[in-house]
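A short write-up of the structure that comes next.
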Amino acid sequence: ADLVLVCDPQLRLPAAGRAEVAHEAYRLEVGPAQIVLSARAAAGLFYGLQTLRQLLRQEERPPCLRILDWPDLPLRGLHLTLGSGHMPSPERLRQMIRTLARHKLNFVALEYDNRFPFQRHPQLQHPAALTLDDLRSLLEVAANHHVDVIPVLDSLGHAEHYLRHPRYQHLAEEPGRVHEMCASDPRTFRFVQDLWREILDL
């Protein structure tokens, strides 16, 4: 069958479809000689192709059918903590993004901990930290698969990745403790701003 992709901003959805997910909706029609996939936007076409891929994995010649599909939730994804001792390789992270996309999940929250390549505070980098090139490649794969990467970084609490270094122990809420930074110390605010500025710049 021929495959026809149609971007139709006027694609009608049932009343049950929420406006904030309309760009991810699609209509897939499989006929004997032609497959037509219609969506309001590129994300919908992408998700429709994932459904077609699933059908073709089950049967080489899928039956004639019509599917009108859209997500119930605008955010569907995974929260991954990189500093938990289970650090995936850069290629494994890219593969995880592709797998999420095939299942129509649209975000991954990456909790960096000390796995981000901080330039202003390089001593925070774990030996297995991602490089800037690793992250740029990951973000490119994510964008191409309609997956948003949401950065997560501990700040006042869960601060052991920072406070275990002698250079930052003066930021601790309690002397000798490494779990919380002092919220009333202006130096804490400047330090956290430094970390976030690098992540948000990327």
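Counting only distance, with no hydrogens or angles, the side chain of N106 and the backbone of L75 share no donor-acceptor pair below 3.5 Å. Q125 places a side-chain N or O within 3.5 Å of a backbone atom of F118 that can act as its donor or acceptor partner.
No chain of hydrophobic side-chain contacts below 4.5 Å, direct or via other Ile, Leu, Val, Met, Phe, Trp or Tyr residues, connects L68 to L73. Note on V6: it does not cluster hydrophobically with Y47, by side-chain heavy-atom contacts below 4.5 Å among ILVMFWY residues.
Residues E180 and L163 approach most closely at O-CD1, 3.4 Å, considering heavy atoms. Of all heavy-atom pairs spanning D113 and L153, the tightest one is O-CD1, 3.8 Å. Listed here is the closest heavy atom pair of C7 and R40: SG-O, 3.5 Å. Between P117 and L135, the shortest heavy-atom contact is CD-CD1, 3.5 Å. Heavy atoms only, all atoms of each residue included: H161 and H165 are closest at O-CD2, 3.3 Å. Considering every non-hydrogen atom in both V21 and P74, the closest pair reads CG1-CA, 3.6 Å.
Counted by atom type alone, Y168 and H121 present one or more donor-acceptor pairs between their side chains at under 3.5 Å. Using modelled atom types and a 3.5 Å distance limit, the side chains of D134 and T131 yield a donor-acceptor pair.
F116 and Y112 have perpendicular rings, their planes meeting at more than 60° on a 0 to 90° scale where under 30° would count as parallel. Ring pair F46/H145 is perpendicular by interplanar angle, where above 60° counts as perpendicular and below 30° as parallel.
Here the side chains of V141 and L93 are not in contact, with every heavy-atom distance at 4.5 Å or above. By the 4.5 Å heavy-atom criterion applied to side chains, L80 and P88 are counted as neighbours. The closest side-chain heavy-atom distance from D69 to K104 is below 4.5 Å.
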